[in-house]
Amino acid sequence: MDAAEYDLPFFHRAGFHRRSCVVCHSAFWALGDHDRCQEAPCREYGFIGHPIFARPYSLDAMRELYLGFFERRGHARIRRYPTVARWRNDVFFVQASVYDFQPWVTSGAIPPPANPLTISQPCLRFNDIDEVGRSGRHFTLFEMLAHHAFNRPGHEIYFKDRCTELCHELLTQDLGLDPLTVTYKEEVWEGGGNLGPSLSVGAAGLELATLVFMEYTRDGDALKPMPLTVVDTGYGLERFTWASQGTRSAYEAVFGETFEEMRRTFPPTETAILLDHARALNFMLTDGIVPSNSKGGYFARLLLRRALRILEKTPESPELIAILDRSSRELARTFPEIGENREDLHRVVRAEIDRFHEAVERARQTIRRYDEKVRATGGRVTVEDLLTWYDSLGVPPDLAVEELQHRPAIPADFYKQVAARHEGEKPTTDYVEVTEGLPEVPAGVPATEALYFLDPYTVAFDAHVAWAKGRYVALDRTYFYPTGGGQATDRGNLGDLEVTDVERTGPIILHHLERDAPWQVGDRVHGRIDAARRTQLMQHHTATHLLNGALREQLGPHVWQAGAYKGTESARIDVTHYRALTKEELHKVERRVNQIVREDRPVKSYFESRGEAERRFGFTLYQGGAVPGRELRVVEIEGFDVEACGGTHCTHTSEVGAIAILDEERIQDGVVRLTFASGERALDLREEHEEILREAARRLGVPVAKLPEGIDKLLEEIEESRRASRGRRREDLGATAAKLLSEASQRVGAVTIVVASTDLDRHGLMELSRLLTKEPNHVAVLASERDGRGTLFVGSTSARVAASALVEAARPSFEGKGGGNPAAATAVGEPGAALAAALNAAAKEARRAAKR
RNA sequence: GGGCACGUAGAUCAGCGGAAGAUCGCUGCUUUCGCAAAGCAGAGGUCGGGGGUUCAAAUCCCCCCGUGUCCA
C-alpha cells in the first residue's frame, strides 16, 4: 500500500512524526519519541498496576463513555445485532461489528441503518478458546466498540482523516491517555475481496483499536476503487476497561466483584473460564442458538460442557444455572433482552446438562467394558484408544484414564494428535450465489417498483419495459413476486409470453420469459399472474408465520426459524428445538394455528423504520434472517406473531383456510422440520388421506374406526400362520430325522452316523443336521441337489469326527468349494454322480474317523 | 459441512467370516397362606435398510438411514 495512503493531514496538524519500529519494521505515527510501535510484542505491557487512562471505568461505564462520545459527534447509536449471524451463510457468529453490515450494506445494495453510526457489538470468537482464562486477555465473547461511516460518491460522511482524529480525541481528551504514548501503526487490511489501509492504535503495549478503511476491490493484481468506501473501526471494550483499571488480568477488570466472589471457590483460570463462558452462553442462547452437535449449536455445547467439567471436578461448586443467572442479571442492565426468557433458557440448559450426563455415563460404561475385555486378553489400553474415545465418545483423556486399571501416560501433545487425526478433512461450503447466471443490468436502469408489497391480491397490471435482454425483462413496476425468503416465485404472463421465473438482482426485478422478449424499452406490457398459484403460496407463507408463532408460544422462545420453504404442493418450516416434538405437542400446535385461522385476525404488512420496529418487537423480528436497511417490512399477525418479511401474505388469517401438519422430523441435532399444507392443498390432502383410510378399511373389511385393531388382528394371523408353517416344517423334518435315525443310521464304535440324500435347501440341510445330531456322538452326512448344484452338509457332535475334515476329504470328488468347523461344515460343487461320490467319500471318512 | 464411533431379543450389551448368544425383564410350572426369592421350562431376532464380495456375511466392501461424538 502506498505510503501516501497514511499521510493524513491530521497527523501533520497535530504534529505527529512518521517512524519505523526497530522490532517489527512497520511504519508508525507518533507524537512521542518512540523507536518502536507501542503494541505487544514489540513493547511489553506497561499498564498493569499503572492505568493509562485518567480514571478507572467499569465495563458498563466505559461502553457508555464511548458511545456517548460518538453520539455527541453526530453518530447515531445503534442497538447491538444478534450474535448469531443469520443473515450470512459464511459464518455462524458475528465476529466484528462490521459483520452487521456485510454483505448488503458494504456492497451498497442496501443503505445502512444510520450514517455515521456507533455501536457496541458483542462478538464471538472461538479460535482462541484454549487461551481463555490462561492468557489474561482472551474471551470467547467480547464487545467491539465501533464507529462506522459509509461513503457514497458525492455523499462522503468522513474517511481516514476525520476517523483518526476522532479516535485520537477520544483517547487523549475524554479518556485522558497521554498523547505522547500512543502510536498509529500502518497496516494493510484485506478481506472478502476488499482491501485498504488500516491503522493499529497502540499504547503501553496494548493494541487498543484498529481503524480500517475499505476502499479498494482486488482485481487480480490491480486495485479498483470501491464505489462505496467504508470506515470500519474496532475498539476492544474489555481492553479499554482493563487499561483503565490496570488489573493483573482483563478478567478482574471486566467481571469485577463477581470475579472476586467466584475466586473463593475456583482458581483464577477456572473462574475466568466460567464467567467468560457464562457471558457468551447468555448471548448465544438469547439469540436463539440451541446446543447441538454441528454448526453454531456445537459451540454452545462446547462452552456448556467445558463449564460443566470444571464444576464437576470442583467440590462445592454452584449450579451452572446459578452462574448463568448471575451473569444474565448483570448483562441485562445493558441488554435487557438477556434474561427476558429465563425459564425457557433454563429448560434448554437443563436438557443439555442431562444430555451431558448421559453421554458421560455411556462413555464410562463403554470404557470400563473395553478395559475389562482388553485386560482379559492380556492387552492394554493405548493412547490410540484414548484418541478414539475423545473423538467418538467425547471423553477427555484425563477423564478416560480414571476408569482404567492400567493407565497409559497421556502425551503432552494429545490434542495435537487429535488435530493430526483430523487433517485432510476438507470442509465443503455449499454457498450458492443467488444471482448466478443472471445477466448484468447496466447502471442507470431504474429500480423496479415492487407492487406486491403493497397489494398481494392484484394479479393483472400494466407496466413499461425498463430494460430487456434476451429472455430477461425488467419493468418499471411489477406485481410478480421474485424468488426470495423461501417463497417460490410467481408465474404467469407478460403479454403473450409465459413468465417462468422471477428473480431479484439488487434493486431490479427480472422476469424470465419462455423466449426472447420482443419489446423495446418504454413499451407498455400487460402482466397477468397465475392467481391460484399465488394464492396457495400466500397461504403457505402466512401459515409458516402462524406455525412459527405457535411453536414459539408452545415450546418457548428458544424456538427460532432455521429455514423454510413455501411451495405450491406443501411447505416446510425448520425450527431450533432441543428434541423431537411429541405427538401431543404437534396436536397442540396444529389446533392452535387453526384456532388463530378461525379467529380471522388481521395480518398487517407495512414498512417501518428499523429502530422503531426493533424497539416495538425486539430481535425476534429476524426469524427469517436479519434484514439490514433503514426500513423493515413488518408482517404482523395481530397479537400473535411479528416478523420482518418480504413475502406476500394474506391480509386475514381466515384466508389461510386450514393448516395440516403432514410430517415431523428431526433433520439434525437441535433442528426440527415440520412439513405442512394450508388452504385448498390442506383440504385436498386431508381428503386424500381419508380416502386412503376408507380404502384400507374397506379392504380389511372393518369400519375406519376399527382399522388399528383390524391391522393388529391381521398381523396376529400372519404371525400365527407363520408359526404354524414353521411348526409343520419342523415336524416334517423331525419325522424325516426320526426315520433316518431308525432306518439309515449306522453305528461305528460309539458314533452314530447318518448318511442321506435329500432335496432340501441350505437352511433345511442345516436344520435337519441339527435334529440328527441332537445327541452327543452323532454325525450327519447330508447331500442335496438344487438348481443344478450339489451341496454337501456335515454336522457332528462327536469329538472324534470333525465335520470340516469330512468335507475336506469329500471336496475333490465333486469339485466342491467350502469349509467349516469341527461341528458343522458345508461345500457346494457338481451335482449328480459327482455329488454321490462326494457323499460316499465323506461317509467313508466318517466311519474311518469314528473307528479310531 | 467433514471425520470418527455405534446401530444384534422388550432393556443393556457380547459375538466381528463357518449351525444367532449372555444378563435383566417377560410367560408357564415347581416351592409358598400370599409376596419376595430360588429352581426348571419356554416365548421373544428380516443382527438399522439396500447393494456387492464369498461355497458361506451379524461379521469384509460400497451406498443410504438413524444415534452419539469431535472438529470447521
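Chain letters run A, B, ... following the sequence lines, proteins first and then strands; every chain starts at 1.
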If you pin A/Asp669 and A/Phe92 to their nearest nucleotides in RNA chain B, which one's is more 5'?
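Final value for this comparison: A/Asp669.
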
5' priority, RNA chain B, between A/Glu665 and A/Lys295 [closest heavy atom]
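Residue closer to the 5' terminus by nearest nucleotide: A/Glu665.
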
Is a salt bridge present between A/Arg579 and A/Asp354, judged by a nitrogen-to-oxygen distance below 4.0 Å?
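Looking at A/Asp354 together with A/Arg579, the answer is no, because their closest N to O distance does not fall below 4.0 Å.
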
Could you work out, with ring pair (Phe, Tyr, Trp, His ring centres under 6.0 Å) as the rule, every residue matching A/Trp560, not counting sequence neighbours?
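Ring pair (Phe, Tyr, Trp, His ring centres under 6.0 Å) list for A/Trp560, sorted by chain: empty.
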
Name all residues meeting the ring pair (Phe, Tyr, Trp, His ring centres under 6.0 Å) criterion together with A/Phe814; count only those two or more places apart in sequence or in a different chain, and write none if there are none.
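In terms of ring pair (Phe, Tyr, Trp, His ring centres under 6.0 Å), with neighbours along the sequence ignored, A/Phe814 is linked to no residue.
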
Between the protein and nucleotides 58-65 of chain B, which nitrogen or oxygen pairs are less than 3.5 angstrom apart?
none

Distance in angstrom units between [X] [atom1] and [N] [atom2], rounded:
| X | N | atom1 | atom2 | value |
| --- | --- | --- | --- | --- |
| A/Leu393 | B/G3 | CG | P | 19 Å |
| A/Arg786 | B/C55 | CZ | C1' | 16 Å |
| A/Phe414 | B/C70 | CZ | C1' | 11 Å |
| A/Asp761 | B/A56 | CG | P | 14 Å |
| A/Tyr415 | B/C70 | OH | P | 10 Å |
| A/Asn293 | B/C6 | CG | C1' | 14 Å |
| A/Gln668 | B/G68 | CD | P | 12 Å |
| A/Asp787 | B/C55 | CG | P | 16 Å |

In Å, rounded to the nearest 0.5 Å, how long is the span from CD1 of A/Ile410 to OH of A/Tyr415?
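Rounded to the nearest 0.5 Å, the CD1-OH separation comes out at 8.5 Å.
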
Can you tell me how far [atom1] in [N] sits from the matching atom in [M], rounded to whole Å?
| N | M | atom1 | result |
| --- | --- | --- | --- |
| B/A14 | B/U23 | P | 16 Å |
| B/U32 | B/G49 | P | 48 Å |
| B/U31 | B/A41 | C1' | 15 Å |
| B/A58 | B/G18 | P | 10 Å |
| B/G15 | B/U54 | P | 28 Å |
| B/G28 | B/A36 | P | 12 Å |
| B/G45 | B/A9 | C1' | 6 Å |
| B/C29 | B/G17 | C1' | 41 Å |

Does A/Arg673 have more than 12 heavy atoms from other residues, nucleotides or ligands lying within 6.0 Å of its CZ?
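Enclosed.
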
Is it the case that atom NE2 in A/His587 sees more than 12 heavy atoms from other parts of the structure closer than 6.0 Å?
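No, NE2 of A/His587 has 12 or fewer neighbouring heavy atoms, counting only those of other groups under 6.0 Å.
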
For RNA chain B, what is the dot-bracket line, given that a base pair needs Watson-Crick (N1 to N3, plus N6-O4 or O6-N4) or G-U wobble (N1-O2 and O6-N3) geometry with both distances under 3.5 Å, and | means paired with another strand?
((((((((.[[[[.)..(..]]]].(((((.......))))).....[[[[[..)....]]]]]))))))).

For the side chain of A/Ala359, counting heavy atoms from C-beta on, which of B/U69, B/C4, B/C70 is nearest?
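Between B/U69, B/C4, B/C70, the one nearest the side chain of A/Ala359 would be B/U69.
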
State which residues pass salt bridge (charged side-chain N to carboxylate O under 4.0 Å, His left out) with A/Arg350; sequence neighbours excluded, sorted by chain then number.
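Checked A/Arg350 against salt bridge (charged side-chain N to carboxylate O under 4.0 Å, His left out); matches are A/Glu319.
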
Evaluate side-chain hydrogen bond (donor to acceptor under 3.5 Å, both in side chains) for A/Arg421 paired with A/Thr388, printing each intermediate quantity in order.
CA-CA 10 Å; A/Arg421 279 192 158 204; A/Thr388 303; 3.1 Å; yes

[X] side-chain N/O to [N] phosphate OP1/OP2 under 4.0 Å:
| X | N | result |
| --- | --- | --- |
| A/Arg301 | B/C70 | no |
| A/Lys817 | B/U54 | no |
| A/Arg355 | B/G68 | yes |
| A/Arg811 | B/C55 | no |

NA contact type, A/Leu302, heavy-atom cut-off 4.0 Å: base, sugar-phosphate, or nothing?
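The answer is sugar-phosphate, as A/Leu302 gets under 4.0 Å only of primed atoms, P, OP1 or OP2.
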
Could you check A/Lys313, A/Arg309, A/Arg306, A/Arg134 and say which one makes a salt bridge (charged side-chain N to carboxylate O under 4.0 Å, His left out) with A/Glu270?
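Running salt bridge (charged side-chain N to carboxylate O under 4.0 Å, His left out) over A/Lys313, A/Arg309, A/Arg306, A/Arg134 with A/Glu270 returns exactly one hit, A/Lys313.
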
Test item: A/Thr736 side-chain N/O and A/Asp732 main-chain N/O as donor-acceptor pair under 3.5 Å:
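Yes, because the side chain of A/Thr736 sits within donor-acceptor range (under 3.5 Å) of the backbone of A/Asp732.
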
Checking the side chain of A/Asp574 only, and the main-chain atoms of A/Ala562 only, is there a donor and an acceptor separated by less than 3.5 Å?
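Judged by distance alone, no pair lies under 3.5 Å.
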
Do nucleotides 7-24 of chain B as a string where each nucleotide becomes B, S or -: B if the base has a protein heavy atom under 4.0 Å, S if just the sugar-phosphate does, - if no protein is that close.
------S-S--BBS----

Please report the C-alpha distance between A/Arg375 and A/Asp371 in whole Å, then the side-chain angles of each, then the deciding distance to 0.1 Å, and finally whether the salt bridge (Lys or Arg N to Asp or Glu O under 4.0 Å) criterion is met.
CA-CA 6 Å; A/Arg375 275 187 294 127; A/Asp371 187 39; 3.4 Å; yes

Indicate the ring-plane relationship of A/Phe126 and A/Phe299, choosing parallel, tilted or perpendicular according to the 30° and 60° boundaries.
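Taking A/Phe299 first and then A/Phe126, their aromatic rings lie parallel (interplane angle under 30°).
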
